[in-house]
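Structure record follows, encoded as structure tokens.
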Amino acid sequence: MLAATILRTKDGLPLQGVAAIQMLWAILKPTPRMRNDIFTLLLLLTTLTACGQNKMENKYITWDNFVKGFGKEMVSAEDVFNSMVKNGLKDNTLTKMDFTFVSDQKENLLKLGEFIKTHYPYTVQEVKKFENLWEINGETNEFPMSADNLLYWALDMYKRGYEFDATIDAYGGLADSKTAKFPIMDTTKADIYFDKGVECYNKGDLSGAIFNWTLTIEIDPKDPNAYYSRAIVKNELYTWKSALKDYDKAIEIAPKFVSALINRGGLKDENEDYQGAIADYETVLKLDKLEPEEKQQAYFNLGNTYFNLKDKNKACENWGKALDNGAEYAKERINEHCK
């Protein structure tokens, strides 16, 4: 399955309304643990996020508002976490978070509430009027609290709020060291947490997927699939530098991990590291026993990167090789740029 990436601003946020050129090879290499459910996982997530982001013209939280507020949300998450630590929070304490979304339209929050109840294991209350705005309150399930986990949860909620022309207005959780509970962290749980991450991902619970794949990594830091999977979600949450580090780690552990190499190449291209992208695609093409789809994707993306470098001849050459290997989707680029 192929999933179009989102072109980004210099801040690492997606450019809205621009057709993406680079494509991700969005299949996790199956292992005995992963079975076949991975093959539906990635396409489903892409559909959920893409549809949410493009389905309406926001009036309350515009795209510019979203971009400008992104950094503030990251700082807020850090402040909330530090406050919880001062109150006795220990890393990985299982914690529930209360949250509030606001919007200028009741209908926006009704739709957001239904989305959250469908895709997240959270409880949501009725929408209520608050001065000139509407608000909806809710509570998460328990998740292991750390600085990174709270950050990705906050960005997940910030993204979901934007998709329904709303914004997360407040959140917090209790930190009682006397009653603290923690995830079980023995080796028998690594597969369970990985599969739980897949389940969250299938449902569209982006931060839940990160929580569980992070637990997998903490138990088994040599699992390339967990790093690869987490990288995809981090990129969906617009933290491309952190996603790149996870791809790096996956490839360090498994140098012939084709999907990770192709995805990392796409991410490098998006952020103008064109030579790095070319190196990743060429590494793929030098490997033995590639699947046809892997060759198609590597040649197609290689063509896109050369096109971004304004080398039309090499771009057309590689799009042609992609087509020769069965990539019918390369015809559009060839017809547009190679005649």
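Here the shortest heavy-atom pairing between Tyr228 and Ser259 reads OH-CB, 3.3 Å. The two residues Lys234 and Ser242 make their nearest non-hydrogen contact at NZ-OG, 3.0 Å. Closest approach of Ala315 and Gly303 over heavy atoms only: CB-O, 3.3 Å. Between Leu267 and Trp240, the shortest heavy-atom contact is CD2-O, 3.6 Å. Counting all heavy atoms, side chain and backbone alike, Ser207 lies closest to Asp156 at OG-OD2, 2.8 Å.
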query = So Glu199 and Asn212, side chain to side chain donor-acceptor pair (under 3.5 Å) or not? Walk me through it.
reply = CA-CA 10 Å; Glu199 181 184 332; Asn212 282 283; over 6 Å; no
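A donor-acceptor contact closer than 3.5 angstrom is absent between the side chains of Thr305 and Asn308. In this model, a donor atom of one side chain and an acceptor atom of the other lie less than 3.5 Å apart for Asp186 and Thr188.
The 12-atom threshold is not exceeded at CG of Leu174, counting heavy atoms of other residues, nucleotides or ligands nearer than 6.0 Å. Taking a 6.0 Å sphere around CZ of Phe182, one finds it holds more than 12 heavy atoms contributed by other residues, nucleotides or ligands.
No salt bridge links Asp165 with Lys59; every basic N to acidic carboxylate O contact stays at or beyond 4.0 Å. At a threshold of 4.0 Å, the pair Glu163-Lys159 counts as salt-bridged, since one of the basic side-chain nitrogens sits closer than that to a carboxylate oxygen.
Ile217 and Leu237 are not part of a single hydrophobic cluster, where members link through side-chain heavy atoms under 4.5 Å apart.
For Tyr158 and Phe66, the gap between ring centers is short of 6.0 Å.
With a 6.0 Å cutoff to the six-membered ring centre and a 45° limit on the axis angle, Arg333 counts as a cation-pi contact of Phe307.
Between Arg230 atom CZ and Asp148 atom CG the span is 7.5 Å, to the nearest 0.5 Å.
The side-chain heavy atoms of Tyr247 and Tyr227, taken from C-beta on, include no pair separated by under 4.5 Å.
Between Phe115 and Tyr120, the two ring planes are tilted [angle within 30° to 60°].
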